[in-house]
Number of protein chains: 2
Amino acid sequence: MANQVRSALIQCSNPINDESVPVKKVQQAMLDKHVPLIEEAAKKGAQILCLQEIFNGPYFCPGQDKRWYAAAEGIPDGPTTKAMQELAKKHGMAIVVPLYEEAMRGVYYNTAAVIDADGKYLGKYRKQHIPQTSGFWEKFFFMPGNGGYPVFQTQFAKVGVYICYDRHFPEGARALGLNGAEIVFNPSATVAGLSQYLWKLEQPAHAVANGYYVGAINRVGTEAPWNIGKFYGTSYFVNPRGKIIAEASEDKDEVVVADLDLTMIDEVRQVWQFYRDRRPDAYQDLVRP
Amino acid sequence: MANQVRSALIQCSNPINDESVPVKKVQQAMLDKHVPLIEEAAKKGAQILCLQEIFNGPYFCPGQDKRWYAAAEGIPDGPTTKAMQELAKKHGMAIVVPLYEEAMRGVYYNTAAVIDADGKYLGKYRKQHIPQTSGFWEKFFFMPGNGGYPVFQTQFAKVGVYICYDRHFPEGARALGLNGAEIVFNPSATVAGLSQYLWKLEQPAHAVANGYYVGAINRVGTEAPWNIGKFYGTSYFVNPRGKIIAEASEDKDEVVVADLDLTMIDEVRQVWQFYRDRRPDAYQDLVRP
């Protein structure tokens, strides 16, 4: 007996690529651009939606410019979480909202707020793995997350979040599975070149190893002034068998929708008894400081 | 500056598929069949060779027949390790030798002995993850390994071993990387159907996540009396970028040879600082019993 959940991802290019425009105005423009896409997801019947990494602005980490600290806000007390709670309630749709979080003055995280379909704030995930490499100078902007690998019981499914660079680390993907995730969303920002050939390797592997669905979101477009390359979109859903079941284009703003049959999680886990056969007693190497 | 190591894998079908033949005779026939293939690997200049899972016999786990307990022997004191030490020394080639191990009377492991190019026995790896599912009733035959994830310094590279079903578990793949493996060999026995679409997903993902080479070996042919399907060969090497660089056929006895440039390990790790950015402090979920 199928237990379908209709889920959606949004990839959306940044409309303002002009350094002279204040950060808050850029954010407002990006939020405004998302509203009709969120509405489109709702009209298509989506029950759980995830937006892209730090969705309400450009991916500003190709530089190390203090001006972008102003993009951070409290979660859940900042305005964007509140606005999204309204939208979630209006549409009866759970929403995962990746945001730049200010936890205290001068302390920032790369975070996602999880909001249920009745508008209730369920909690947040703070990105655990922070890159520092050409084009991705994130250690300048974010503390490594300190909240573990929480899973959120929405009205429709148990949802986990993993953010961008996190996807290269099998450990957190496993922790999310152990904690009960049925769908793991990974909002990302990644450009053609270095990582593209890994885009459909690592996350399908996580889906298989852990027996859950993954919804992977990437940006589209090119963002000034950094121009590090084209964000190649191709946001997708992959099922617990490792098969990609829905995928967006490389270059258009787009809502990807897929029906996720949660009973496949049980089917797959009954065939592949990976959780039964794990060896937690033999994994001490992984937690050695 | 390249630091090439020439490495080889052997896939080899079982010549005797007749239950009336004694176990030891079957093993001798399989060993005899391997000798010229090992010689071929040496002639091709291989410096490190890995054989298939429990190489000297059929994959007997589609049944649960006590008669196959007789296939087990001591490591390194049994005759096969000794014979392989001779061959390693003769050819100046390190050899990874997957065998059915008798650790004490009635206690068995699915093991690989690692022998250096001068014939010296370096140690063994005992398969950590044991399946028990249709066609793969391994909990009848093997205790789960108790020796962690050792890495062996051969004359040519640091070698780790992961065996068959182990490949579905990212944890041990990571432990081998943390322990210094440059090449991880995974001798397997897997048939068309269930796992084939995963064959080139999981292990390339391990290679990428951990920045090392993987040499994956599968059997070929069909084995009676079980006839669970065709072992689909396609033994391959994959580099730390996740690209398959050499691959065998689906159905022939074959020696796969590839030059592995160990400097690529450094190149990749300098681009992707996954070891630097891991969060051992945040992985406690993985070792919870």
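Keep in mind that this is a model prediction, so the values were computed, not measured. Below, chain A is the first sequence line, B the second, and so on; all start at residue 1.
- For the options Q284(B), H129(B), R279(B), heavy-atom pairs under 4.5 Å to chain A are most numerous at R279(B).
- Of residues 237-247 of chain A, those residues with a non-hydrogen atom less than 4.5 Å from any non-hydrogen atom of chain B are, in numerical order, R241(A), K243(A).
- In this structure, the side chains of P131(A) and Q273(B) stay at 4.5 Å or more apart for every pair of heavy atoms.
- A parallel orientation is assigned to the rings of Y165(B) and W272(A), their planes being inclined by less than 30° (bins at 30° and 60°).
- Of the atoms belonging to P204(B), heavy atoms from both backbone and side chain fall under 4.5 Å from chain A.
- Contacts of I130(B) with chain A are made by backbone atoms alone, with heavy-atom separations under 4.5 Å and no side-chain atom involved.
- Using a 4.5 Å cut-off between heavy atoms, N210(B) does not touch chain A at all.
- Looking at L286(B), both its backbone and its side chain come within 4.5 Å of chain A, counting heavy atoms on both sides.
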Before you tell me yes or no, could you show the steps for R276(B) and Q132(A) under side-chain contact (heavy atoms from CB on, under 4.5 Å), namely the whole-Å CA-CA distance, both residues' side-chain angles and the distance that decides it to 0.1 Å? CA-CA 10 Å; R276(B) 179 193 68 190; Q132(A) 183 76 356; 3.7 Å; yes
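- Applying ring-ring contact (aromatic ring centres under 6.0 Å, His included) to F169(A) and the options F274(B), Y275(B), Y283(B) leaves one that passes, F274(B).
- In this structure, chain A has heavy atoms under 4.5 Å from both the backbone and the side chain of V287(B).
- A distance of 10.5 Å separates CD in Q270(B) from OG1 in T133(A), rounded to the nearest 0.5 Å.
- Heavy-atom distances place the backbone of P289(A), and not its side chain, under 4.5 Å from chain B.
- The contact between D277(B) and chain A is made by backbone and side chain atoms together, counting heavy-atom distances below 4.5 Å.
- Here CG of D285(B) is found 11.5 Å from CZ of R174(A). Values are rounded to the nearest 0.5 Å.
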